[in-house]
Amino acid sequence: MGIPKNGNNSTYLHYAACREFDGFLHKHISGINLRFNELQKFEFEMHEDIAKQNEIAQMIIEFDKQTEQEEEIINSLKELKRYMLSTLFPIA
(Lines give C-alpha, C1' and ligand atoms only; values in the text may rest on other atoms or scores of the structure.)
Protein backbone atom coordinates (compact mmCIF):
# COMPACT_ATOMS: atom_id res chain seq x y z
CA MET A 1 0.00 0.00 0.00
CA GLY A 2 1.28 3.44 -0.85
CA ILE A 3 0.54 6.72 0.87
CA PRO A 4 -3.20 6.95 1.60
CA LYS A 5 -5.18 9.32 -0.57
CA ASN A 6 -7.13 12.25 0.85
CA GLY A 7 -10.59 11.48 2.15
CA ASN A 8 -9.61 8.59 4.42
CA ASN A 9 -10.77 8.66 8.02
CA SER A 10 -7.75 9.77 10.07
CA THR A 11 -8.95 7.96 13.22
CA TYR A 12 -9.31 4.74 11.27
CA LEU A 13 -5.84 5.16 9.70
CA HIS A 14 -4.32 5.80 13.13
CA TYR A 15 -5.74 2.61 14.62
CA ALA A 16 -5.01 0.53 11.51
CA ALA A 17 -1.36 1.66 11.58
CA CYS A 18 -1.01 1.18 15.35
CA ARG A 19 -2.38 -2.35 15.08
CA GLU A 20 0.48 -3.36 12.76
CA PHE A 21 3.32 -1.20 14.13
CA ASP A 22 4.45 -3.44 17.00
CA GLY A 23 4.98 -6.36 14.63
CA PHE A 24 6.81 -4.09 12.22
CA LEU A 25 9.11 -2.82 14.98
CA HIS A 26 9.84 -6.34 16.14
CA LYS A 27 10.90 -7.27 12.62
CA HIS A 28 12.82 -4.13 11.57
CA ILE A 29 14.30 -2.49 14.66
CA SER A 30 18.07 -2.65 15.09
CA GLY A 31 19.11 -2.23 18.70
CA ILE A 32 17.16 0.64 20.20
CA ASN A 33 16.85 2.56 16.95
CA LEU A 34 14.72 2.28 13.84
CA ARG A 35 16.45 3.36 10.66
CA PHE A 36 14.47 5.76 8.47
CA ASN A 37 14.91 3.60 5.37
CA GLU A 38 13.31 0.72 7.33
CA LEU A 39 10.32 2.92 8.20
CA GLN A 40 9.69 3.36 4.49
CA LYS A 41 8.86 -0.37 4.35
CA PHE A 42 5.98 -0.02 6.85
CA GLU A 43 2.73 -1.28 5.35
CA PHE A 44 -0.67 -2.05 6.79
CA GLU A 45 -3.98 -3.27 5.48
CA MET A 46 -6.92 -0.90 5.37
CA HIS A 47 -10.45 -0.79 4.04
CA GLU A 48 -10.74 1.25 0.86
CA ASP A 49 -14.43 2.00 1.46
CA ILE A 50 -14.72 5.34 3.31
CA ALA A 51 -18.11 4.39 4.79
CA LYS A 52 -16.56 1.24 6.28
CA GLN A 53 -13.64 3.28 7.65
CA ASN A 54 -16.08 5.69 9.29
CA GLU A 55 -18.09 2.82 10.78
CA ILE A 56 -15.00 1.14 12.23
CA ALA A 57 -13.61 4.44 13.54
CA GLN A 58 -16.93 5.21 15.26
CA MET A 59 -16.95 1.77 16.91
CA ILE A 60 -13.37 2.28 18.13
CA ILE A 61 -14.19 5.75 19.51
CA GLU A 62 -17.23 4.35 21.33
CA PHE A 63 -15.16 1.47 22.72
CA ASP A 64 -12.52 3.94 23.97
CA LYS A 65 -15.22 6.02 25.70
CA GLN A 66 -16.67 2.94 27.38
CA THR A 67 -13.21 1.80 28.46
CA GLU A 68 -12.50 5.22 29.96
CA GLN A 69 -15.81 5.15 31.86
CA GLU A 70 -15.02 1.69 33.22
CA GLU A 71 -11.59 2.86 34.37
CA GLU A 72 -13.20 5.82 36.17
CA ILE A 73 -15.62 3.46 37.93
CA ILE A 74 -12.77 1.17 38.98
CA ASN A 75 -10.77 4.11 40.34
CA SER A 76 -13.81 5.37 42.28
CA LEU A 77 -14.34 1.93 43.77
CA LYS A 78 -10.66 1.73 44.76
CA GLU A 79 -10.97 5.09 46.54
CA LEU A 80 -14.12 3.90 48.31
CA LYS A 81 -12.32 0.73 49.36
CA ARG A 82 -9.41 2.75 50.77
CA TYR A 83 -11.81 4.96 52.69
CA MET A 84 -13.80 2.02 54.07
CA LEU A 85 -10.64 0.20 55.14
CA SER A 86 -9.27 3.34 56.80
CA THR A 87 -12.47 3.73 58.82
CA LEU A 88 -12.59 0.04 59.65
CA PHE A 89 -8.93 -0.13 60.68
CA PRO A 90 -7.95 3.42 61.74
CA ILE A 91 -4.25 4.17 62.14
CA ALA A 92 -3.62 5.33 65.70
**Prompt:** Side-chain contact, heavy-atom cut-off 4.5 Å: K65 with I61?
**Reply:**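 Yes - at least one pair of side-chain heavy atoms lies under 4.5 Å apart.
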**Request:** Report yes if the side chains of N8 and M46 come closer than 4.5 Å at any heavy-atom pair, otherwise no.
**Result:** yes
From [atom1] ([X]) to [atom2] ([Y]), nearest 0.5 Å:
X: K81; Y: L88; atom1: NZ; atom2: CG; result: 12.0 Å
X: Y83; Y: T87; atom1: OH; atom2: OG1; result: 5.5 Å
X: I60; Y: E55; atom1: CD1; atom2: CD; result: 11.0 Å
X: H14; Y: T11; atom1: NE2; atom2: OG1; result: 8.0 Å
X: M59; Y: D64; atom1: CE; atom2: CG; result: 12.0 Å
X: L85; Y: L80; atom1: CG; atom2: CG; result: 9.5 Å

**Request:** Starting from the C-alpha separation in whole Å, work towards a yes-or-no answer on side-chain hydrogen bond (donor to acceptor under 3.5 Å, both in side chains) for N9 and Y15.
**Result:** CA-CA 10 Å; N9 185 303; Y15 283 101; over 6 Å; no
**Prompt:** If you take all heavy atoms of F44 and E20, which pair is closest and at what distance?
**Reply:**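 Closest pair (atom of F44, atom of E20, distance): CB-CG, 3.5 Å.
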**Prompt:** Looking at Q53 and H47, what are the two nearest heavy atoms and their distance?
**Reply:** NE2-O, 2.6 Å
**Prompt:** Does CD in E68 sit with more than 12 non-hydrogen atoms of other residues, nucleotides or ligands closer than 6.0 Å?
**Reply:**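 No, CD of E68 has 12 or fewer neighbouring heavy atoms, counting only those of other groups under 6.0 Å.
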**Message:** Quick check on side-chain contact (heavy atoms from CB on, under 4.5 Å): which of I74, T67, I73 does E71 satisfy it with?
**Reply:** T67
